[in-house]
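All chains are named by letter (A, B, ...) in the order of the sequence lines, taking the proteins before the strands, and each is independently numbered beginning at 1. As the structure is a prediction and not an experimental result, all values here were calculated from the model. Heavy atoms only: backbone and side chains are in, while hydrogens, waters and symmetry mates are out.
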Protein chains: 2
Amino acid sequence: MDASSKSRAPSGPVPIRRTVQGEIIRTVFEDAQRPLSSREAHELALKIQPRIGIATVYRAINRFIEEGLVTPVDIPGVGTHYEAAGGSHHHYFYCGGCGRVYVIPGCPGQISAMLPPGFRMERHDIVLHGRCRDCAV
Amino acid sequence: MDASSKSRAPSGPVPIRRTVQGEIIRTVFEDAQRPLSSREAHELALKIQPRIGIATVYRAINRFIEEGLVTPVDIPGVGTHYEAAGGSHHHYFYCGGCGRVYVIPGCPGQISAMLPPGFRMERHDIVLHGRCRDCAV
DNA sequence: TTGTGTGCAAATTGTTTGCATCACG
DNA sequence: CGTGATGCAAACAATTTGCACACAA
């Protein structure tokens, strides 16, 4: 009879279910320690549970993005990657040799000094391209 | 028989033909003064010559990129844009209000200081997101 | 039991390509 | 005139969505 016995708001945020596939996909990102493409994430998930579909990966990723667990990382000329959120502010390095995306801690600062007057900055993306140590000539 | 009567190298660089459509598309980028999406470029070209196909736009853009006339500009979360090349080093500002991509002259410098040891940087992309002056709250 | 998450396939969106034809050089 | 450029449609690749079913809660 007491509707509040479960202390649920009348129309609270949609509850998120804990599923095997969802946990696998979340783990893949947490373990990766670097941004993964959807294909990479799918391949890694398939190693654990061979019947996960790519649509499930995309839906999980989008759910994680809404939850703030995962952040999309767009690498110019390469495509969208995704990484576990929560780390401190950082940027990225894309290696043209091995195709891997590295995390670069820190920030050059002075970014907002570039803003034209009247413009308001909400976010900035910096992506370096080149060769990582292993792929350097 | 003198094969060199037309002074053509046996296998020189592929000649690029000057066509009406190509000129229109090139003009669109030169006049825009800002990065355009392929759709924007197509729409602007259609205003001048209503039968230009989107494939022609893409082929022209790719030719221009090879020639160095146009540079691709990837805006994270928004999609690939293209701009006339030749300007001095600059970066971009994407306005979430009007969807326009602005050119930001200059560079914060200190970028290479972010590089991990052994990494070699060939290029860097900086894209700011926010509200332009007209769209500011 | 209820409704969210999953799998699969079809639908969308952005970009490229095959082919017949056009027209620049 | 020969070959690159164009238009159109089909092919592709990446991502999203419709639908029936499975399974957390």
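When the side-chain nitrogen and oxygen atoms of A:Thr80 are compared with OP1 and OP2 of D:dA14, none of them lie within a distance under 4.0 Å. Not one side-chain nitrogen or oxygen of B:Arg63 sits closer than 4.0 Å to the OP1 or OP2 atom of C:dT16. Of the side-chain N and O atoms in A:Ser38, one or more sit less than 4.0 angstrom from OP1 or OP2 of D:dT15. For A:Thr19 and C:dT6, the shortest distance from a side-chain N or O to OP1 or OP2 is below 4.0 Å.
No side-chain donor from either of A:His91 and B:His124 sits under 3.5 Å from a side-chain acceptor of the other.
A:Glu23 places its CD atom 12 Å from the C1' atom of D:dA24, with the value rounded to the nearest Å. The separation between B:Ile61 atom CD1 and D:dT6 atom C1' is 15 Å, rounded to whole Å. Atom CG in B:Asn62 sits about 9 Å away from atom C1' in C:dT15, given to the nearest Å. When rounded to the nearest whole Å, the span between CD1 of A:Ile24 and P of D:dC23 equals 14 Å. Atom P of nucleotide C:dT6 and atom CG of A:Leu46 are separated by 14 Å, given to the nearest angstrom. When rounded to the nearest whole Å, the span between CD of B:Glu40 and P of C:dG14 equals 12 Å. Note: NE2 (A:His42) to C1' (C:dG7) measures 10 Å, nearest angstrom. The distance from atom CD1 of A:Ile48 to atom P of C:dT6 is 14 Å, rounded to the nearest whole Å.
Comparing B:Arg17 and B:Tyr82 along DNA chain C, the residue whose closest nucleotide (by nearest heavy atom) sits nearer the 5' end is B:Tyr82. Mapping B:Gly79 and B:Arg18 onto DNA chain C via the closest heavy atom, the residue that lands nearer the 5' end is B:Gly79.
Minimum heavy-atom separation, A:Ile111 to A:Cys107: CG1-SG, 4.5 Å.
Under the 4.5 Å side-chain heavy-atom criterion for ILVMFWY residues, a single connected hydrophobic cluster contains both B:Tyr82 and B:Ile24.
By the side-chain contact (heavy atoms from CB on, under 4.5 Å) test, B:Thr71 is found to be paired with B:Glu83, B:Ala85, residues two or more places apart in sequence or in another chain being considered.
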What's touching nucleotides 7-10 of chain D from the protein side, N or O pairs under 3.5 Å?
unit_1, atom_1, unit_2, atom_2, d
D:dG7, OP1, B:Gln21, NE2, 3.0
D:dG7, OP1, B:Arg51, O, 3.4
D:dG7, OP2, B:Gly53, N, 3.2
D:dG7, OP2, B:Thr56, OG1, 2.6
D:dG7, O5', B:Arg51, O, 3.1
D:dG7, N7, B:Arg59, NH2, 3.0
D:dG7, O6, B:Arg59, NH2, 3.0
D:dC8, OP1, B:Arg51, NH2, 3.1
D:dC8, N4, B:Arg59, NH2, 3.2

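Of the charged side-chain nitrogens involved, at least one lies within less than 4.0 Å of a carboxylate oxygen, so that B:Arg39 and B:Glu43 count as a salt-bridged pair. A salt bridge links A:Glu30 with A:Arg26: the distance from a Lys NZ or Arg NE/NH1/NH2 to an Asp or Glu carboxylate oxygen falls below 4.0 Å. Salt bridge status for A:Arg100 with A:Glu40: absent, with no side-chain N to carboxylate O gap under 4.0 Å.
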